[in-house]
Amino acid sequence: MREIDCAYVDEHDLVALHLAGKLDEASAESFEAHFLGCDRCAAELDQAGALRSAFGKPVLEPRAVNSSIAGPRREIWTLLAAAAAVAMIGLGLRNVAREPSAPSEPGVFRGEALDSLVLIVKPGEAGEVALEWVPHPDALTYRISVIRSDGIPVTKTETPESRVVLNVAALAPPPAGVSFLARVEAIDAIGHIVARGGPTALFPAQ
Amino acid sequence: MAGSPPRPDPMNEGAPSAAPSAILDLERYRVRLTLFAARRTRDFAEAEDVAQETLKRAVEAIQSNKLRDPDALAGFLFATAVHVCQNRGRAAGREARALRRFGASQTEESSRTDPFSALISHERRAAVNSALNRLNQEDREILALTYAEALGTAEIAKRSGLTEVNVRVRRHRALKRLADFLGVTPKSDREP
């Protein structure tokens, strides 16, 4: 989420556009994060709402909802989902990541399921494996768990980045027919899981 | 009303008699949080509930010393409000599915065109309307294009044959005259 200041708000007419429902999701969220903590912009928002009401307009218009994916973040998720599917087919992995959940549209509640993180596995040198995913807008940190396909937990780590490199070669080799799987959970500022990806095989079973 | 139990106030529930100023200061975020939630809930009562729940959690965080840095408050409120909206959304989804299973029809969305008109009181709307009517045509038009039509400065400039700087200057003056009629401090004179 882009951090903005009052000058940016003024220059881009964010107050009026926000109340008229004309901002895309990313811009609306950036503006909301700003005005929550800004007395000046909050006061301007209040004044603009009163003006809209006096002009006979709704104080807050819903953002136009269409069938295409809303917002640039969701478009990126879709493109990477397609790339991940191709990469996984090419690597011959048996476990396929879940499809991203339907994008939430402004003014519509999300369903019960968490957002999905699409994990991309990139084998590296000397037994290292890089695991990457598109950053989730609400995540403060990501918890990565490596487990065996027979359910035995192996290791855990956390990172604020959307990428981690795992030294799989350093792990005790699993029994024949058992593979290493990775799962990633996106954790928000108050410790709740907001998205989940995997389990995804890091290497095919021997 | 005499004899009536006081309505629970999350700002004072369990708070010591000398409440920290940080807690007392939280109330000024209520309208902002309501507007924040309004975009997601599309229901005024629900948006008010989200604001209430978010403020309650902020009070708890301050009282338990988890929120000590005043600069972190806005970020905490944002993250908390997002989380509260998501939880309510999941609960609403479960309720809707349960209703469908029992053959009940879903509640129709309110047919009101502006569920958030309650954010602006009738008196305030009337006062602003009266002040708008005292402005000249040019001032009224630029405010209408900016706030009612939300055209953006560039578009207004293009339509009116003015430069963007001219549009901003005229809008600033119109807002100042409006504020004079309303007897309030105009935005430009507020501290940044």
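Within every chain, numbering begins at 1; the chains are lettered A, B, ... in the order of the sequence lines, protein sequences first and strands thereafter.
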Original post:
What part of B:Glu164 is in contact with chain A, defined as an atom under 4.5 angstrom from a non-hydrogen atom: side chain, backbone, both or neither?
Top reply: neither
Original post:
Got a sec, which residues hit side-chain contact (heavy atoms from CB on, under 4.5 Å) with A:Ala33, two or more places apart in sequence or on another chain?
Top reply: A:Met1, B:Phe78
**OP:** Indicate yes or no: at least one non-hydrogen side-chain atom of A:Leu17 is less than 4.5 angstrom from one of B:Thr146.
**Re:** no
Subject >> Proximity breakdown for A:Leu140 and chain B, heavy-atom pairs closer than 4.5 Å >> reply: neither
Original post:
Between A:His18, A:His34, A:His12, A:Arg52, which shows the greatest number of heavy-atom pairs under 4.5 Å with chain B?
Top reply: A:Arg52
**OP:** Please flag which part of B:Val128 lies under 4.5 Å from any non-hydrogen atom of chain A: side chain, backbone, both or neither.
**Re:** both
Subject >> CZ-CZ distance between A:Phe55 and B:Arg125, expressed to the nearest 0.5 angstrom >> reply: 14.0 Å
Subject >> Minimum heavy-atom distance B:Ala148-A:Lys57, with the two atoms named >> reply: O-CE, 3.6 Å
Original post:
Got a sec, which residues hit side-chain contact (heavy atoms from CB on, under 4.5 Å) with B:Ala118, two or more places apart in sequence or on another chain?
Top reply: B:Phe44
Subject >> A:Leu51 CG to B:Leu175 CG distance, which is reported to the nearest 0.5 Å >> reply: 7.0 Å
**OP:** Give the minimum heavy-atom separation between B:Arg171 and A:Asp13, together with the two atoms involved.
**Re:** NH2-OD1, 3.4 Å
Subject >> Region of A:Asp46 that comes under 4.5 Å of a non-hydrogen atom in chain B >> reply: both
Original post:
For atom CZ of A:Arg148, is the number of surrounding heavy atoms from other residues, nucleotides or ligands below 6.0 Å larger than 12?
Top reply: yes
Subject >> Side chain / backbone / both / neither for B:Leu143 at chain A, heavy atoms under 4.5 Å >> reply: both
Subject >> Partners meeting side-chain hydrogen bond (donor to acceptor under 3.5 Å, both in side chains) with A:Glu11 (sequence neighbours left out) >> reply: none
Subject >> Criterion side chain to side chain contact (heavy atoms under 4.5 Å, CB included) on A:Val194 and B:His83, from CA distance to verdict >> reply: CA-CA 9 Å; A:Val194 295; B:His83 178 70; 5.6 Å; no
Original post:
Between B:Leu35 and chain A, which part of the residue has a heavy atom less than 4.5 Å away: side chain, backbone, both or neither?
Top reply: both
Subject >> Pairing of B:Arg28 and A:Asp39 as salt bridge, 4.0 angstrom limit >> reply: yes
Original post:
Between A:Ser53, A:Ala16, A:Gly37, A:Ala20, which shows the greatest number of heavy-atom pairs under 4.5 Å with chain B?
Top reply: A:Ser53
Original post:
Using 4.0 Å as the upper bound for N to carboxylate O, is an ion pair formed by B:Arg39 and A:Glu32?
Top reply: yes
**OP:** Mind listing the closest non-hydrogen atom pair of B:Leu33 and A:Leu36 along with its distance?
**Re:** CD2-CD2, 3.6 Å
Original post:
Among residues 129-141 of chain B, which ones touch chain A with a heavy-atom distance under 4.5 Å?
Top reply: B:Asn129, B:Leu132, B:Arg140
Subject >> Closest approach of A:Phe35 to B:Phe36 (non-hydrogen atoms, all atoms of both residues) >> reply: CZ-N, 4.3 Å
Subject >> Side chain, backbone, both or neither of B:Leu182 within contact of chain A (heavy atoms, under 4.5 Å) >> reply: neither
Original post:
At what distance, to the nearest 0.5 angstrom, does CZ of B:Arg32 lie from CG of A:Leu45?
Top reply: 9.5 Å
